There are 2 protein chains.
Amino acid sequence: MPRPRTPLLSRDLIRDTALALIDEHGLAGLSMRRLADALGVQAASLYSHYPTKDDVLDAVANLVIDEVDTSGFAGGDWRRGLRAWAHSYRGVLAAHPNVTPLIASGAGRRERFLAMADAVHGGLVGAGWAPREATTIAGAVKYLVIGAASTPFASGFADDVQVYLDRYPNLTQAHRLRADAARIDLDSFELGLEALIRGLAAAPS
Amino acid sequence: MPRPRTPLLSRDLIRDTALALIDEHGLAGLSMRRLADALGVQAASLYSHYPTKDDVLDAVANLVIDEVDTSGFAGGDWRRGLRAWAHSYRGVLAAHPNVTPLIASGAGRRERFLAMADAVHGGLVGAGWAPREATTIAGAVKYLVIGAASTPFASGFADDVQVYLDRYPNLTQAHRLRADAARIDLDSFELGLEALIRGLAAAPS
DNA sequence: ACCTGAACACCGTTCAAGT
DNA sequence: ACCTGAACACCGTTCAAGT
């Protein structure tokens, strides 16, 4: 079936299918052959639309980042804006946990990352922060979001607690809290975020 | 050269060589064949010592985590302990940037991660924090460290600034600061860490 | 017990060929 | 311009065979 009059593929379709496969089968579960399979096409066909697999992954990363809401800065309240951005960002990564390593490694030429950074930076500067301070603040919040999304509490512990329960006496309580992992993750994130905002109480000059 | 009287390989030698290769050529640059090559051996030989490549990577992660210093809690001053741990942890990841994704994804059965978590937890509880609070505090600091190590400021920006300089007006200043990236990274990290510690000023009850 | 050589089922990517 | 089929140089892993 070569050269159908209506193309079988498009950049958007490939990118969206890649995200769906990653969400379902993990980052390691995505290969160009599997992706082509899901699209009913040969692997080589993908290279008519993306030069490399990394470019597909960049497109996926940009798609996910575009879900992040930065509109909270609109009112001019930078605290509200920062909280809304951080929660939105964290929520998006929680919705796509398998994509998180892609976001965390975040190298390369990723347009939508810049758009997000620009919106946050603009929101802080618009509220009176100096550019350098805005950069630092946005960085610290980003660290919290990426860290929280990358290493949730639960991931630190094996499934059978009994193995090491007696070896690390200080962790006994922590293990008992394992079922509560989601709450602990949120608490740690909120603690960091609120402490940061509180620590900026001096506000922009 | 089968079955030499003194074994060519050992678990430690394989693990140390793997770390050296990752440090030099990146995580993607490590294959079982390359690793075997560096050891003057066939790839299949590695499987006499590690069941899978993932087990080799777990050993590498444990080795790196063991470099983190948690002795700062010894004096009973939790602020000092927390700062020392955070800086040591961040420094270790900065010394092995290519290993960072391995640490960040941090799943699986990693003994030394638990040893580190246990030491930190013990240090906080020993200073009077309730176990649940200790878990939350350690989590927030970990988020900052992992986030800072995963997405340094510089990584967000392409090498040729001019490409998007006019497209994102708010980032103009940030771009000018690109050469200063290392300092911005440190500032963001310090801001988050100190704000967190300040935010805990209430101290343990 | 430890290492080899060959094999298996995969990869990302290229390229001539077809329409 | 877009897709195929075959190929290339790789992967992780297995396994019979050798000492």
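Throughout, a chain's letter reflects where its sequence line sits, starting with A, and its residues are numbered from 1. All figures in this text were calculated on a predicted structure; none of them were measured in a lab. All values below come from the heavy atoms of this structure, side chains included, with hydrogens, waters and symmetry mates left out.
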Original post:
With a 4.0 Å cut-off, would you call B:R183 and B:D187 a salt bridge?
Top reply: yes
Going by atom type alone, with no hydrogens or angles, which donor-acceptor pairs under 3.5 Å involve a side-chain atom of residues 82-91 of chain B and a protein atom two or more places apart or on another chain?
unit_1	atom_1	unit_2	atom_2	d
B:R83	NE	B:E194	OE1	3.3
B:R83	NE	B:E194	OE2	2.8
B:R83	NH2	B:E194	OE1	3.0
B:H87	ND1	B:R83	O	3.0
B:H87	NE2	B:E190	OE2	2.6
B:S88	OG	B:D69	N	2.8

Original post:
Between the side chains of A:D185 and B:Y143, is a donor N or O closer than 3.5 angstrom to an acceptor N or O?
Top reply: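 Yes.
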Original post:
When you check the side-chain N and O atoms of B:T135 and B:H121, is any donor under 3.5 Å from an acceptor?
Top reply: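 Yes, B:H121 and B:T135 have a side-chain donor paired with an acceptor closer than 3.5 Å.
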Hey, are the side chains of [X] and [Y] touching, using non-hydrogen atoms and a 4.5 Å cut-off?
X      : Y     : value
B:L9   : B:L39 : yes
A:R110 : A:I65 : no
B:L30  : B:L57 : yes

Between atom [atom1] in [X] and atom [atom2] in [N], what is the gap in whole Å?
X     : N      : atom1 : atom2 : result
A:L8  : D:dA1  : CG    : P     : 17 Å
A:H49 : D:dA1  : NE2   : C1'   : 9 Å
A:L35 : C:dG12 : CG    : P     : 9 Å
A:D37 : D:dT4  : CG    : C1'   : 14 Å

Original post:
Excluding sequence neighbours, so at least two apart, what forms salt bridge (charged side-chain N to carboxylate O under 4.0 Å, His left out) with A:D66?
Top reply: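 A:R112.
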**OP:** Can you tell me which residue pairs pass the salt bridge (Lys or Arg N to Asp or Glu O under 4.0 Å) test with a partner in residues 13-24 of chain A, sequence neighbours excluded?
**Re:** A:D12-A:R15
Quick one: which protein N/O atoms are closer than 3.5 Å to N/O atoms of nucleotides 13-17 of chain C? Pair and distance per line, please.
unit_1	atom_1	unit_2	atom_2	d
C:dT13	OP2	A:Y47	OH	2.8
C:dT13	OP2	A:K53	N	2.8
C:dT13	O5'	A:Y47	OH	3.4

Subject >> Separation between CD1 of B:I22 and CG of B:N98, rounded to the nearest 0.5 Å >> reply: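 Separation between the atoms: 8.0 Å.
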Subject >> Spacing of CG belonging to A:L114 relative to CG belonging to A:N62, to within rounding of 0.5 Å >> reply: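 The distance works out to 9.0 Å.
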**OP:** Represent DNA chain D in dot-bracket notation, 5' to 3'. Only Watson-Crick or G-U wobble pairs with both distances under 3.5 Å count; pseudoknot-style crossings use [ ] and interstrand partners use |.
**Re:** ||.|||||...|||||.||
Subject >> Nucleic acid contacts - residues 11-18 of chain B versus DNA chain C, non-hydrogen atoms under 4.0 Å >> reply: none
**OP:** Could you tell me whether the phosphate oxygens of C:dT4, OP1 or OP2, come under 4.0 Å of any side-chain nitrogen or oxygen in B:S45?
**Re:** yes
**OP:** Please determine if a side-chain N or O atom of B:S31 lies less than 4.0 Å away from the OP1 or OP2 oxygen of D:dC11.
**Re:**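 Yes, B:S31 has a side-chain N/O under 4.0 Å of OP1/OP2 on D:dC11.
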